[in-house]
A.B. asks: 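Take a look at this one; I'll ask things after.
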Amino acid sequence: MNNWISRRHTALMGLAVLGTAAILFASAAPTLADDVVLKVYTALEEEQLPIYKEAFEKANPGINIEWQRDSTGVISARLLAEKDNRQADIVWGLAATSMMVLDKEGMLESYRPAGFDQIKDDFKDLRSGWPTWVGMDAWASAICFNTVEAEKLGLPKPTSWKDLTNPVYKDQIVMPNPGSSGTGFLTVSAWLQLFGDKGGWSYMTALHDNVKTYLHSGSKPCKAVGAGEYPIGISFAYPGVKLINDGAPVEVILPTEGIGWDMEATAIMKGTKQLTAAQKLADFAASADANKLYNASYQVLARKDVAATLPANYPADEDKLMISPNNFYEMADRRQAILDEWQRSFGSKDAPK
């Protein structure tokens, strides 16, 4: 009997130790109830953020997005400044040309998301079998034109980039600073490719005479036009289309010479402590469901298996006017030199930040 009691006591002590260890392990390890906070840097438009966040979090319970949002130039500069002390886990919605700069600095994690084979080649980082960024959709430069304000001032409707150098438009145009805005940079990049380096800088000099100020966001020029502050803004189609749908007297014009464009893209930051969660977001960002969300704002999508529809009042044939080829890697390599030259030449008209 005593031996049985002794053996029973020993077994119970063992179970107690195991139970204590299990409790300690459970308290240290994450459970399904623990929320993962994913720090996501983005240049997406403000109104898109809650829609994308809700869709991702619904598909991935337990992972919560914490946004850090600003214009393309500001977010790109912040990421570079944090190179040795990275705060972002992943970037969702930043210009591919900015991603190329980050990649060159060795800041991006190689990852091929689920469904990668359904991504169009133009939206892939194809330099190796394992991409560091993947495109989502394309946005392109456009002119926003306030018909009411233009009529008051007796201004004709422009149809081309060259039209904007007409002296009749002096002080009537706003555009984005390319150092602050991805839209500004893709537009400047297009002018240098359409007109050549010499012709492109000459064009920008002539345009500068008619520009009232350079704003620090790609959508702000169009929004300022919609508010009646200026008759003409160089911007991109989405904010103009939104203004039209909201009843503003705005037209979105695609210049006949061709339009610059870039891709919104997704990339995981190398060294993230939330790699699994970041990979889930990269998978979602490349998915058909996400591309359908992008289609509410943009006409040209990354997925081959998602048939894009034309959003209401979106200008037709944007894809036919997008410059091709678009030398993304060359422009990314020259980015800082182009921005430095542009700022020296035209920065005197910058709006306050």
Side-chain angles (χ1 to χ4, degrees), residues 45 72 93 95-97 118-124 126 134-145 147 156-165 175-176 178 181-196 199-200 203-204 207 218-219 221-222 225 232-245 250-265 288 290-332:
E45 294 299 308
T72 299
T97 46
Q118 288 297 326
I119 302 294
K120 299 170 186 172
D121 284 350
D122 285 347
F123 287 80
K124 292 177 179 177
L126 290 173
V134 177
M136 301 156 46
D137 52 57
W139 89 104
S141 48
I143 298 169
C144 291
F145 183 69
T147 56
K157 183 173 81 171
T159 60
S160 68
W161 294 125
K162 293 291 180 70
D163 283 350
L164 297 183
T165 63
M175 77 164 278
S181 158
T183 302
F185 184 73
L186 69 85
T187 303
V188 168
S189 169
W191 291 334
L192 294 173
Q193 294 182 71
L194 283 167
F195 307 137
Y203 171 75
M204 285 183 266
L207 177 68
S219 58
C222 202
V225 167
I232 298 171
I234 296 171
S235 185
F236 60 108
Y238 167 69
V241 170
K242 188 175 187 304
L243 285 164
I244 294 168
N245 291 337
V250 171
E251 287 188 30
V252 176
I253 300 164
L254 304 181
T256 54
E257 299 99 328
I259 51 179
W261 62 284
D262 205 336
M263 293 170 276
E264 292 188 308
N291 272 245
K292 290 171 186 175
L293 292 179
Y294 307 152
N295 191 202
S297 305
Y298 301 107
Q299 178 190 354
V300 180
L301 306 176
R303 295 273 302 203
K304 292 183 274 189
D305 58 345
V306 177
T309 59
L310 197 65
N313 290 309
Y314 204 95
D317 298 329
E318 180 185 62
D319 56 334
K320 294 181 175 63
L321 284 167
M322 290 161 56
I323 61 170
S324 181
N326 194 349
N327 298 315
F328 288 117
Y329 288 105
E330 179 188 344
M331 290 296 117

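Just the heavy atoms: all of them, side chains too, but no hydrogens, waters or symmetry mates, feed the values below. Residue numbers run from 1 in the order of the sequence given.
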A.B. asks: Is it possible for you to check whether Lys162 lies under 6.0 Å from the centre of the six-membered ring of Phe195, through NZ or CZ, and within 45° of that ring's axis?
C.D. replies: yes
A.B. asks: Would you say that Ile244 contacts Val252 through its side chain, given a criterion of any heavy-atom pair below 4.5 Å between the two side chains?
C.D. replies: yes
A.B. asks: For a salt bridge (Lys or Arg N to Asp or Glu O under 4.0 Å) check, start with the C-alpha distance between Asp122 and Lys120, then their side-chain angles and the critical distance, and finish with the verdict.
C.D. replies: CA-CA 5 Å; Asp122 285 347; Lys120 299 170 186 172; over 6 Å; no
A.B. asks: Please test Trp261 against Asn326 for side chain to side chain contact (heavy atoms under 4.5 Å, CB included), starting from the C-alpha separation and ending with a verdict.
C.D. replies: CA-CA 8 Å; Trp261 62 284; Asn326 194 349; 3.4 Å; yes
A.B. asks: Not counting sequence neighbours, which residues clear side chain to side chain contact (heavy atoms under 4.5 Å, CB included) with Glu45? List them please.
C.D. replies: Glu47, Gln48, Arg69, Ser219, Lys223, Phe236, Tyr238
A.B. asks: Under the criterion side chain to side chain contact (heavy atoms under 4.5 Å, CB included), I'd like the reasoning laid out for Leu207 against Met175: C-alpha separation, chi angles, the key distance, then a yes or no.
C.D. replies: CA-CA 10 Å; Leu207 177 68; Met175 77 164 278; 4.1 Å; yes
A.B. asks: Using modelled atom types and a 3.5 Å cut-off, is there a donor and acceptor pairing between side-chain atoms of Asp137 and backbone atoms of Gln299?
C.D. replies: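 The answer is no, because no donor-acceptor pair under 3.5 Å joins these two groups.
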A.B. asks: How close do Leu321 and Pro255 get, counting heavy atoms only, and between which atoms?
C.D. replies: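 That would be CD2-O, 4.0 Å.
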A.B. asks: Please step through side chain to side chain contact (heavy atoms under 4.5 Å, CB included) for the pair Ile143 and Ile232, ending with a clear verdict.
C.D. replies: CA-CA 7 Å; Ile143 298 169; Ile232 298 171; 3.9 Å; yes
A.B. asks: Hey, mind stepping through Val250 and Thr147 against side chain to side chain contact (heavy atoms under 4.5 Å, CB included) and telling me if it holds?
C.D. replies: CA-CA 6 Å; Val250 171; Thr147 56; over 6 Å; no
A.B. asks: Does the ring center of Trp139 lie less than 6.0 Å from the ring center of Tyr294?
C.D. replies: no
A.B. asks: Aromatic contact between Tyr203 and Trp191, with the criterion being ring centroids under 6.0 Å apart: yes or no?
C.D. replies: yes
